[in-house]
Amino acid sequence: MRPAPFLLFFICLFYLPHGWAESATDIVNKSDQQMRGESSYSVATMRIIRPDWIRSMSMKSWTKNRDFSLVLVTSPAKDKGTVSLKRYREMWNWIPAIERVIKIAPSMLSQSWMGSDFTNDDLINQSSIVVDYEHKLVKEELFDGEMTYVIDAVAKPDAPVVWSRIRLWVSKQTYLQRKAEFYDEFEDLVNTMQTFDIQEMGGRMLATHLEMIPADKPGYKTEFITHEAQFDFAIGEGFFSLDQMKQLRD
């Protein structure tokens with residue numbers, strides 16, 4: 001005799017690893033919301049580290065839901081006033097030295113952003129992992145002393161993304177992304193992102209130290225240190241405009 005449907009439900013819950021009652025997609029969604037909220041503002045320093053030099057850059061950034069973001073470089077002097085704008089799946093850079101707006105073509109998404117180990121795609125498609133990928137729970141694993149969900153995100157057919165697969169380590173406690181591995185279409189590891197120094201900022205927990213490390217370039221690394229953050233305040237879509245990016249000042 002077969003078990004009743006409600007009994008099967010409880011059997012499944014009992015034998016699932018703790019916490020796996022949530023779907024992988026639910027976890028990725030919560031992680032995305034935890035990191036950005038409905039809107040966000042942050043002040044940060046980016047350090048581009050190379051075997052024979054280190055370059056630092058300060059910036060301010062604003063976001064509104066998953067569709068809008070704007071990044072203003074505040075130092076050094078030669079880059080000050082440079083702005084990157086994202087609206088939906090389109091991206092532009094404002095270069096004040098030549099007073100020119102440059103639209104980022106799809107063919108440029110895999111190129112470096114501001115000479116760092118981040119790509120243009122990392123900025124323009126920062127939330128695409130929610131909508132452009134299928135998600136699967138792989139296992140649970142410790143990272144930096146914290147238990148995490150390990151999730152494989154595989155790009156949907158014809159999705160306009162650079163990475164064919166991303167493996168995520170998402171904190172079971174805070175839902176913050178603690179680690180991510182980025183794979184190309186040949187299943188070769190290209191970049192590894194890791195986050196550290198979890199602090200409360202703007203009323204929510206935030207990883208204030210992020211590292212992006214290329215797989216095939218020894219001694220290369222980009223660090224992103226967040227100094228200040230605010231979340232869930234009123235900001236209109238009009239702020240994220242081509243006119244605004246030309247006028248924005250430190």
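Predicted, not measured: the structure shown is a model, and the values here were computed from it.
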Exercise for the section: Evaluate the side-chain proximity of E223 to I49: yes if any heavy-atom separation is below 4.5 Å, no if none is. Expected result: yes
Handout entry: Gap between atom CD1 of I198 and atom NE2 of H209 - 0.5 Å precision
Key = 11.0 Å
Practice task
Drop me the distance from I166's CD1 to Y133's OH, to the nearest 0.5 angstrom.
Solution key: 4.0 Å
Practice task
Quick one: pull up CE in M201 and OG1 in T208 and give me the separation to the nearest 0.5 Å.
Solution key: 5.5 Å
Practice task
Check whether Y41 and L206 end up in the same hydrophobic cluster, where Ile, Leu, Val, Met, Phe, Trp and Tyr are linked by side-chain heavy atoms less than 4.5 Å apart.
Solution key: no
Handout entry: N/O donor-acceptor pair under 3.5 Å between K64 side chain and I235 backbone
Key = yes
Practice task
Answer yes or no: is there an ion pair linking E181 with R167, defined by an N-O contact shorter than 4.0 Å?
Solution key: no
Practice task
Would you please test W53 and I48 for side-chain contact (heavy atoms from CB on, under 4.5 Å) and show each step?
Solution key: CA-CA 8 Å; W53 56 265; I48 305 170; 4.1 Å; yes
Problem - Short side-chain to backbone donor-acceptor contact, T195 and L210, under 3.5 Å - result: no
Problem - Heavy-atom side-chain contact between E185 and W163 under 4.5 Å - result: no
Handout entry: Atom pair CD (Q173) and CD (E146), whose distance is rounded to the nearest 0.5 Å
Key = 5.5 Å
Problem - Side-chain donor or acceptor of S58 paired with backbone N/O of T45 under 3.5 Å - result: no
Exercise for the section: State whether the side chain of R165 and the backbone N or O of E187 hold a donor-acceptor pair below 3.5 Å, judged by distance alone. Expected result: no
Problem - K156 NZ: over 12 foreign heavy atoms closer than 6.0 Å - result: yes
Exercise for the section: Look only at the side chain of R87 and the backbone of F240, and say whether a donor-acceptor pair between them is shorter than 3.5 Å. Expected result: yes
Problem - F118/W113 aromatic ring centres below 6.0 Å - result: no
Handout entry: Inter-residue atom distance D243.CG - L248.CG, 0.5 Å rounding
Key = 12.5 Å
Practice task
Report the C-alpha separation of E90 and K103 in whole Å, then their side-chain angles, then the decisive distance to 0.1 Å, and conclude whether the salt bridge (charged side-chain N to carboxylate O under 4.0 Å, His left out) test is met.
Solution key: CA-CA 8 Å; E90 295 184 300; K103 186 170 184 180; 2.6 Å; yes
Exercise for the section: Please examine the side chains of K30 and E22, heavy atoms only from C-beta on, and report whether any two atoms are closer than 4.5 Å. Expected result: yes
Practice task
Answer yes if M212 and V161 sit in the same cluster of Ile, Leu, Val, Met, Phe, Trp and Tyr residues linked by side chain heavy atoms under 4.5 Å apart, and no otherwise.
Solution key: yes
Exercise for the section: For residues T148 and V170, determine if any side-chain heavy atom of one lies less than 4.5 Å from a side-chain heavy atom of the other. Expected result: no
Handout entry: For S61, all residues meeting side chain to side chain donor-acceptor pair (under 3.5 Å), sequence neighbours excluded
Key = S42
Practice task
For T82 and D79, indicate whether the former's side chain and the latter's backbone hold a donor-acceptor pair under 3.5 Å.
Solution key: yes
Handout entry: Sidechain N-carboxylate O distance under 4.0 Å for D232, R204
Key = yes
Problem - Note, L72 side chain near W62 side chain (heavy atom, < 4.5 Å) - result: yes
Handout entry: Path from L189 to V154 over hydrophobic side-chain contacts below 4.5 Å
Key = no
Exercise for the section: Please confirm whether the backbone N or O of V71 pairs with a side-chain atom of S84, one donor and one acceptor, at under 3.5 Å? Expected result: no
Handout entry: Side-chain (T25) to main-chain (H135) donor-acceptor, under 3.5 angstrom
Key = no
Problem - Separation between CE of M205 and CE of M35, rounded to the nearest 0.5 Å - result: 14.5 Å
Handout entry: 4.5 Å side-chain heavy-atom contact, V28 and I129
Key = yes
Handout entry: Proximity of Y88 and F68 rings by center, below 6.0 Å
Key = yes
